[in-house]
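What follows is a single structure, written as C-alpha cells, with notes after it.
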Amino acid sequence: QVELELCQALQQIQQLRELKANFISMVCHQFRTPLNAVSFSNSLLKRHIDEWTKEKTRPLLDHIQTAVEKLSRMLNDILFFANAEAAKFNFETEPLDLIQFCNELVIQIQMSSSHDINFVREGSCGSARIDRQLLEPILKNLLDNAVKYSPSDSPVDLQLSCKSGKVIFQVTDRGIGIAVADRQQIFEPFYRGKNIKNIPGTGLGLSLVKTLVDLYGGQIAVESEIDIGTTFTVMLPV
Ligand code: ADP
C-alpha cells in the first residue's frame, strides 16, 4: 500500500513537471504579444510626442492600457495557478463541511456580482475529506465564468449532491454558451472561445480547474447550448 501511494505521488510529480515545462513556454509566448504592443506604441509616442495632437495619441495610450491590463490579468491567473498547485501537496485531513463551504463561496461571489446565485443541494451531504484549498479554486473559477459569460439579470445555480463515494458539483448559467468546436479546447491553457466578444479573460481558468480535478482523480464534464446556457459538472471521489 505504501509503495503504491509512493508510486502515485511520483507519477503526480512527473505529471506536474511536464505540465510546468509546457506551461512556462506557453506563458512566455502569450506575454510576448501584449508586451510588443506596449513597446511599439510607446516608441511611436516617444518619437512623435511633440507634433501629435491629443486625438492622435489617445488610441495609442488606450492600446497600452489594454495590453497592460491583459498582462496584469495573466499574472494574477498564473499566481492563482501556482498557489493552487502548491496547495495540492498540502492535503488538509480535516473533514470539510460541504454545505457551509458552498454557502460561504456563494456569499463571496455574490458580493462582487449582480447575479442571483442559487445554492441547491440534493440528498444528504454532510462533510467530506476534500481539501478546501483544492476545491475553492475549482468552484470559484466555474462560478466566476458563469457570472462573466451570462447577462447580469440571469441567475446562476450551484448544485451539490453526494452519491456513494462521490461528491458532485454543478454550476449552471443562462449565458452565451460554448460552441461544440470550442468545447474540445476550452481546457487547454490560454484557449478562449470564438463567441466571447470583448469579455476579458486569459484562457487559464478552466485549464487550472481541469488540472486540479485530474490530480484529485475526479472528472469534469460540460453541457452547453449557444445563447441558452452552460452547465459544468465536477465529480470528486471522497
Ligand atoms: P477565460 O474565461 O479567461 O477566457 P477560461 O479558461 O476560464 O478562460 O475559459 C476558457 C473559455 O471557455 C472561455 O474563453 C470561454 O470561451 C469558455 N467558457 C468558460 N466558461 C464559460 C461559460 N460559463 N459560458 C460560456 N463560455 C464559457
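All residue numbers refer to positions in the sequence shown, counting from 1. Atoms within each ligand, like the ligands themselves, are counted from 1 in listed order. From a predicted model like this one, the values you see are computed outputs, not experimental measurements.
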Test item, Phe187 contacting ligand 1 (heavy atom, 4.0 angstrom): no

Check whether any side-chain heavy atom of Pro155 lies under 4.5 Å from a side-chain heavy atom of His115, and answer yes or no. no

I'd like to know if Ile196 contacts ligand 1, where contact means a heavy-atom distance under 4.0 Å to any ligand atom. yes

Nearest neighbour in protein (non-hydrogen) for atom 21 (C) of ligand 1: Tyr149 CD1, 3.5 Å

For atom 23 (N) of ligand 1, the closest protein heavy atom turns out to be Asp173 OD2, 2.8 Å

Can you tell which of Asp182, Leu206, Val147 gets a heavy atom nearest to atom 5 (P) of ligand 1? Leu206

Of all protein heavy atoms, the one nearest atom 18 (N) of ligand 1 is Ile178 CD1, 3.8 Å

Partners of Glu122 by side chain to side chain donor-acceptor pair (under 3.5 Å), sequence neighbours excluded? Gln159

Contacting atoms of ligand 1, where contact means under 4.0 angstrom from a heavy atom of Gly177: 25 (C), 26 (N)

Which is closest to atom 20 (N) of ligand 1 by heavy-atom distance: Asn145, Leu143, Val209? Asn145

For Asn141 and ligand 1, answer yes if some heavy atom of the residue is under 4.0 Å from a ligand atom, otherwise no. no

Per-atom contacts of ligand 1 with Lys148, taking only distances under 4.0 Å to non-hydrogen atoms: 1 (P), 2 (O), 3 (O)

Contacting atoms of ligand 1, where contact means under 4.0 angstrom from a heavy atom of Leu204: 6 (O), 8 (O)

Would you indicate which of Ser207, Gly193, Gly205, Ala179 comes nearest to atom 16 (O) of ligand 1 when only heavy atoms are counted? Gly193

Rounded to the nearest 0.5 Å, what separates atom CE in Met74 from atom CZ in Phe31? 4.5 Å

Quick one: look up the protein heavy atom nearest atom 10 (C) of ligand 1 and list residue, atom name and how far away it is. Tyr191 O, 3.4 Å

Sole candidate of Ile107, Leu158, Leu105, Asp157 that passes side chain to side chain contact (heavy atoms under 4.5 Å, CB included) when paired with Phe119: Leu158

Non-hydrogen atoms of Arg73 versus ligand 1: any pair closer than 4.0 Å? no

Picking from Ile220, Leu142, Leu236, Thr233, what satisfies side chain to side chain contact (heavy atoms under 4.5 Å, CB included) with Phe169? Leu236

Please list the nearest protein heavy atom to atom 17 (C) of ligand 1 with its residue and the distance rounded to 0.1 Å. Ile186 CG2, 3.9 Å

Counting only heavy atoms not in Arg121, do more than 12 fall under 6.0 Å of its CZ? no

Check ligand 1 against Thr230 and write out every atom of the ligand that is under 4.0 Å from a heavy-atom position of the residue. 24 (N)

Using side chain to side chain contact (heavy atoms under 4.5 Å, CB included) as the criterion, point out the one residue from Asp144, Val147, Leu143 that pairs with Ser113. Val147

Name the closest protein heavy atom to atom 3 (O) of ligand 1, giving the residue it belongs to and the distance to 0.1 Å. Thr202 N, 2.7 Å

To the nearest 0.5 angstrom, please state how far the CZ atom of Arg58 sits from the CD atom of Gln65. 9.5 Å

Considering only heavy atoms of Gly201, which atoms of ligand 1 have at least one such atom less than 4.0 Å away? 3 (O)

Does an N or O anywhere in Gly203 fall below 3.5 Å from an N or O of ligand 1? yes

Atom CD in Gln170, atom CE in Met235: separation rounded to 0.5 Å? 8.5 Å

Nearest-neighbour protein heavy atom for atom 4 (O) of ligand 1, which is reported as residue plus atom name and distance: Arg192 NE, 2.5 Å

With salt bridge (charged side-chain N to carboxylate O under 4.0 Å, His left out) as the test, would you mind laying out the steps for Arg132 and Glu136 before giving the verdict? CA-CA 6 Å; Arg132 167 185 271 272; Glu136 202 167 281; 3.6 Å; yes

